[in-house]
Amino acid sequence: MLSSPPIRSISSRRRRKPAASRQPNLSPPRPRLSVLAPCYNEAGSLPDFAARMTMACQAVVGSDYELVLVNDGSRDETWSLIQSLAAQTPQVVGVNLARNHGHQLAVTAGLSLTRGERVLIIDADLQDPPELLAAMMARMDEGFDVVFGRRRTRANETRFKLWSAALFYRFLRAVSNVEIPADTGDFRLVSRRIVERLKAMPEHDRFLRGMVAWLGGRQSELLYDRDARLAGETGYTLRKMVRLAMDALVGFSNAPLRLASLLALLGVGFAIAMIAYVFLAFFLSPIRAPGYTSLALLVILFSTAQLTCLAILGEYVGRAYMQTKGRPLFLIEEVVSLQVLEAHKVRSFPTITALSQREA
């Protein structure tokens, strides 16, 4: 018999690459916390805000944090103060937008540059107390993805604003398919996972508190009393509040489109009723109403209904048109922090701008 050649055992293990060929991880570690504060004409309150916010951060995470201040096209000395703070404090990151983009896009721009494992979104007017950071961090330690502040009381607010805000949130919750908490703003602590999901949402007309609610996850509220502004005037004029309300309504509900259908049905019903009335008046009433009266009423009614429907459709079509243009959500003019340059591995401000737009 012919003996078969011996079979050599071949190890199935793959050879490890030499240690010299491995790529070291050069990216700096993430800080435990990022604080993001959009600023618009906040020169009067910014120094006090930075001092109180710094003390709150140091009490919770020591020096392992960053404070991202976004100048949203301010007309006062806000940007000069941010530059001064960035020069004095290594944790401060100053972001100067090319123009005024509005509160929601200013927050979006800041989110694109934050590096922390958790991100606190807070306004620089000191209406939302920075000292609540400790309670929010403790609540998130329980396993929550979002901890949002819910206003129990609001100091120095007009009755009209309180009444209109309460009515708006109740109406939005009734018509929206997303459970958006009432009596809340953008003051919230979010996890890195929520931040990355927000950055992946490219919609132009943003309602951040609704977008965070849409993302889901474990969310918890923290009741607090909202203080009055420390200095200056609010940047949210009546026009901006109406615009934000429209963004929320159109972005999270199709109720306006259903309203157009309802108006059409009501118009048909009213037309049938008018026809019945004209016939009954002609045969039963001895007084003959002029024919142009009923005709004028019908023309006014249907014209109003048609214009209303066109306005509703125009809101949706216009927003879809702006979205398809693909314009950047924001433009960053300057960043005053070497830490951000190193984290994003870029060397020039225009590159930071393009990177931020893609991430947003």
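- P202 and R206 make their closest contact through C-NH1, 3.9 Å (heavy atoms, listed as atom of the first residue, atom of the second, distance).
- Of the possible polar contacts, none joining the R99 side chain to the L331 backbone as a donor-acceptor pair under 3.5 Å is found.
- Side-chain N/O atoms of R209 and T184 include no donor and acceptor closer than 3.5 Å.
- For Q58, the CD atom is densely surrounded, since the number of other residues' heavy atoms within 6.0 Å is greater than 12.
- Side-chain contact check for L133 versus L33: some heavy-atom pair is nearer than 4.5 Å.
- Considering only heavy atoms from C-beta on, L97 comes within 4.5 Å of V70 through its side chain.
- At least one side-chain heavy atom of D48 sits less than 4.5 Å from a side-chain heavy atom of L126.
- Of the listed residues (D183, D227, D225), just one forms a salt bridge (charged side-chain N to carboxylate O under 4.0 Å, His left out) with R152, and that residue is D225.
- Between D145 and R218, none of the side-chain N atoms (NZ, or NE/NH1/NH2) sits under 4.0 Å from a carboxylate O, so this pair counts as no salt bridge.
- Although no hydrogens or angles enter the test, the distance criterion places a donor-acceptor pair under 3.5 Å between the side chain of Q219 and the main chain of V212.
- The distance from the CD1 atom of I82 to the CD atom of E42 is 9.5 Å, given to the nearest 0.5 Å.
- Defined by atom type and a distance below 3.5 Å, a donor-acceptor pair is present between the side-chain atoms of S84 and Q88.
- Heavy atoms only, all atoms of each residue included: E203 and L329 are closest at O-CD2, 3.9 Å.
- There is no side-chain donor-acceptor pair under 3.5 Å between D125 and S45.
- There is no side-chain donor-acceptor pair under 3.5 Å between N71 and E333.
- Expressed to the nearest 0.5 Å, how far CG of L120 lies from CZ of F187 amounts to 5.5 Å.
- To the nearest 0.5 Å, atoms CE (M136) and CZ (R139) are separated by 9.0 Å.
- Summarising the geometry, atom CE belonging to M140 is positioned 4.0 Å from atom CG belonging to L189; distances are rounded to the nearest 0.5 Å.
- L69 and M55 sit in two unconnected hydrophobic clusters of ILVMFWY residues. Membership requires side-chain heavy atoms under 4.5 Å apart, directly or through other members.
- L208 is not listed as a side-chain neighbour of R188, based on a closest heavy-atom distance of 4.5 Å or more.
- No donor-acceptor pair under 3.5 Å is formed between the side chain of N41 and the backbone N or O of S74.
- Between C57 and V35 there is a side-chain heavy-atom pair separated by less than 4.5 Å.
- Not one N or O on the side chain of E66 forms a donor-acceptor pair closer than 3.5 Å with the backbone of P31.
- Side-chain contact check for E117 versus R192: some heavy-atom pair is nearer than 4.5 Å.
- S337 places no side-chain N or O within 3.5 Å of a backbone atom of V93 that could act as its donor or acceptor partner.
- Note that the CZ atom of R150 and the OG atom of S220 stand 11.5 Å from one another [nearest 0.5 Å].
- Under the 4.5 Å side-chain contact rule for hydrophobic residues, L111 and M201 share a cluster.
- A salt bridge links D141 with R118: the distance from a Lys NZ or Arg NE/NH1/NH2 to an Asp or Glu carboxylate oxygen falls below 4.0 Å.
- Contact detail for I180 and G210: the closest heavy-atom pair is CD1-CA, 3.9 Å.
- Of the inter-residue distances, the one linking L198 atom CG with I121 atom CD1 reads 7.0 Å to the nearest 0.5 angstrom.
- Contact of the F330 side chain with the D72 side chain is not registered, since no non-hydrogen atoms from C-beta on lie closer than 4.5 Å.
- Counting non-hydrogen atoms of neighbouring residues, nucleotides and ligands closer than 6.0 angstrom, the CZ atom of R327 reaches no more than 12 such neighbours.
- Two residues are said to be in side-chain contact when any heavy atoms from C-beta on lie closer than 4.5 Å; D123 and F49 fail this criterion.
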### Message
Before you tell me yes or no, could you show the steps for Q104 and D186 under side chain to side chain donor-acceptor pair (under 3.5 Å), namely the whole-Å CA-CA distance, both residues' side-chain angles and the distance that decides it to 0.1 Å?
### Response
CA-CA 9 Å; Q104 301 294 285; D186 294 313; 2.9 Å; yes
